[in-house]
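Scope of the values below: all heavy atoms of this structure, side chains included, with no hydrogens, waters or symmetry mates. Just so you know, ligand 1 is whichever comes first in the structure, and atom 1 is the first atom listed for that ligand.
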Amino acid sequence: MKKFFINTYGCQMNVHESEKLAGILYQRGYIQAKSNDDADVILLNTCCIRETAETRVLGNLGIIKKIKEKRPEVIVGICGCMPQKPGTAEMLKKRCPFIDIIFGTHNMYCLNEYLDKAEAHHKVVEIWDKEGDIETAPVHRDGGVNAWVNIMYGCDNFCSYCIVPYVRGRERSRDFNEIVSEVRSLIESGYKEVTLLGQNVNSYGGGSPQFAKLLRALSEFDGEYRIKFMTSHPKDLTEDVVMAMASSDKIANYIHLPVQAGSDRILKLMNRKYTSREYLDKIKMIRSYIPDVGISSDLMVGFPTETEEDYLCSENLIKEVKYNNLYTFIYSRRSGTVADKMDDQIDLKTKTERIERLIKLQFEIGNELARSYIGNTYRVLCDTVENGIGYGKSSCDKSISFKAEENHKGKFINVKITEAKNNKLIGEID
Ligand code: SAH
Ligand code: SF4
Ligand code: F3S
């Protein structure tokens, strides 16, 4: 039996798309290998959100080249956001002539056809410049606790720093009833958590009334389970969505609401379409309906023209919000985007120094928050048990570990927090 191995980079969208690539490969009669070394087909499902993401892929290609030299019959394919970026497929073709198949984000569903060609010793380089209709592929899920479900594809927001609208195409939403039936069957087959995916879920179906309706429809199934979703764009998150969250214990009390910057001048240059005041008002609104809500965010330092004063606005914002989790990034120039053409790019030394200060500040905030949770009891969905320790998350997305037995995996358990160590919550079964 032939074996495949998929190397996945980037966001949850890509993680889920690799499950679809695996679905196509299983349908072809292939099975999963343990690593690149024992695979007959090696795929790289790539990301190009920042330069570091691309560097990682290129580094791994160096290792795969050596595998190909030892075993020339191995088929190597690269797909996803990186080859979709203008100019990159040609660069890969020249720099890595050992690659057999290069394809993008819009023609992922053609993998079967491309493998036929590659097995007949033809090279394939095929990038579509436009999204096709929403197509489906068989999904091969690993049977863990959480399942991913796409509700939409693409993005129309064109934040000035971001490559996603160029590599994922225009925004399009999946059919309402199709999503409801997919989620229903996942819950019926034993998944305890389903995460809905989209670059901007609040514009599902053209606007938040549709998204709120979807959340309500997904709260109707029997049994204990949790629905999560990501990502929410602050400009589109509305009260009706928060009310839908608050009115159902099936929708997790958690929201990822990326702010990107604290300075209004920078937010405007980023084309985010909200001010820091409007953002903070949304946070207040969410907390008024769901007091114990978990909120996380993405924040970038070193956007072109960012001054020390702008940076300090970001510090002030995170002090005010007190996020449960903050994902911090150094701004990275992406060719083709509006911000790439701006003057006053910030030097790496300043960017590095700012991100270090930001990480340190968030660490202190996180520690203080963690200590304040001691004594609280959370309902934890245990996703892993290792060496007698269970790991899982609360509805508000707090990661909690506790003494557990093997059969706790996949169960909801009440855990009382007894200790907080460096942002980590430790508890015992209540
Ligand atoms: N659609 C989501 C997330 C997209 S990418 C949203 O709107 O928030 C995930 C995160 O990567 C972004 O939130 C942003 O913080 C970061 N990011 C995007 N482009 C970047 C760039 N050019 N440099 C650094 N970070 C970037
Ligand atoms: Fe990128 Fe903005 Fe779209 Fe998010 S909303 S994917 S940051 S363009
Ligand atoms: Fe990366 Fe593409 Fe996701 S660029 S972050 S894998 S949409």
Side-chain angles (χ1 to χ4, degrees), residues 6-18 21 44-57 78-86 88 104-106 108 131 148 150-171 196-204 229-237 255-262 266-267 269-274 279 295-304 306 314 323 325-342 345-346 348 351-352 354-355 358:
I6 308 177
N7 303 267
T8 306
Y9 306 82
C11 62
Q12 284 79 6
M13 199 74 81
N14 256 18
V15 172
H16 183 40
E17 260 152 27
S18 287
L21 293 168
L44 293 95
N45 188 12
T46 62
C47 171
C48 59
I49 196 82
R50 284 169 289 275
E51 197 184 342
T52 45
E54 294 189 289
T55 313
R56 224 168 289 142
V57 172
I78 182 162
C79 64
C81 294
M82 198 173 151
Q84 190 69 45
K85 206 175 123 216
T88 310
T105 56
H106 302 316
M108 197 191 85
E131 58 281 359
W148 310 102
N150 277 116
I151 64 166
M152 58 205 299
Y153 301 89
C155 181
D156 285 352
N157 288 304
F158 290 94
C159 302
S160 63
Y161 48 80
C162 184
I163 195 76
V164 172
Y166 303 90
V167 294
R168 289 284 175 165
R170 298 290 57 76
E171 184 181 293
L196 310 175
L197 295 176
Q199 295 299 347
N200 180 8
V201 289
N202 295 281
S203 63
Y204 169 75
F229 52 88
M230 64 192 321
T231 298
S232 293
H233 193 305
K235 78 175 162 63
D236 294 314
L237 175 76
I255 191 154
H256 181 59
L257 199 67
V259 66
Q260 312 297 359
I266 296 289
L267 284 169
L269 288 174
M270 286 177 161
N271 194 28
R272 288 293 285 182
K273 301 194 166 77
Y274 53 82
Y279 181 88
I295 305 177
S296 61
S297 190
D298 296 344
L299 211 161
M300 215 181 287
V301 300
F303 185 84
E306 186 188 66
S314 295
Y323 291 112
N325 249 318
L326 181 68
Y327 303 90
T328 50
F329 305 106
I330 289 183
Y331 165 76
S332 166
R333 284 177 92 156
R334 303 285 73 201
S335 62
T337 61
V338 171
D340 184 46
K341 297 180 196 78
M342 288 172 62
Q345 299 283 332
I346 307 298
L348 185 62
K351 288 196 226 182
T352 311
R354 283 184 190 154
I355 201 159
L358 194 67

Would you tell me whether [X] and [Y] have side-chain atoms, one donor and one acceptor, within less than 3.5 Å of each other?
| X | Y | value |
| --- | --- | --- |
| Glu171 | Ser203 | yes |
| Lys235 | Asn202 | no |
| Asp236 | Asn200 | yes |
| Ser18 | Asn45 | yes |

What I'd like to find out is whether the side chain of [X] reaches to under 4.5 Å of the side chain of [Y], using heavy atoms alone.
| X | Y | result |
| --- | --- | --- |
| Thr337 | Tyr166 | yes |
| Met13 | Trp148 | no |
| Met82 | Tyr9 | no |

Should the pair Phe303 and Tyr331 be assigned to parallel (<30°), tilted (30 to 60°) or perpendicular (>60°) ring geometry? perpendicular
Is the shortest side-chain N to carboxylate O distance from Arg56 to Glu51 below 4.0 Å? no
Can you tell whether the side chains of Glu306 and Lys351 come within less than 4.0 Å, N to carboxylate O? no
With sequence neighbours excluded, what pairs up with His256 under the side chain to side chain donor-acceptor pair (under 3.5 Å) test? Ser296, Asp298
As a test of reading the model: which residues have a non-hydrogen atom less than 4.0 Å away from ligand 2? Cys155, Asn157, Phe158, Cys159, Tyr161, Cys162, Val164, Pro165, Gln199, His233, Arg272
Counting only non-hydrogen atoms and a 4.0 Å cut-off, the residues near ligand 1 are Ile49, Arg50, Tyr161, Gln199, Thr231, Pro258, Gln260, Arg272, Asp298, Met300, Phe329, Ile330, Tyr331, Ser332, Arg334
Quick one: is the NZ or CZ of Arg168 closer than 6.0 Å to the six-membered ring centre of Tyr153, and within 45° of its axis? no
Look up atom CD in Glu17 and atom CD1 in Ile6, then write down how far apart they are to the nearest 0.5 Å. 11.5 Å
Taken by chain and residue number, the protein N/O/S atoms under 2.8 Å from atom 1 (Fe) of ligand 3 read Cys47 SG
Does some non-hydrogen atom of Gln199 fall short of 4.0 Å from ligand 3? yes
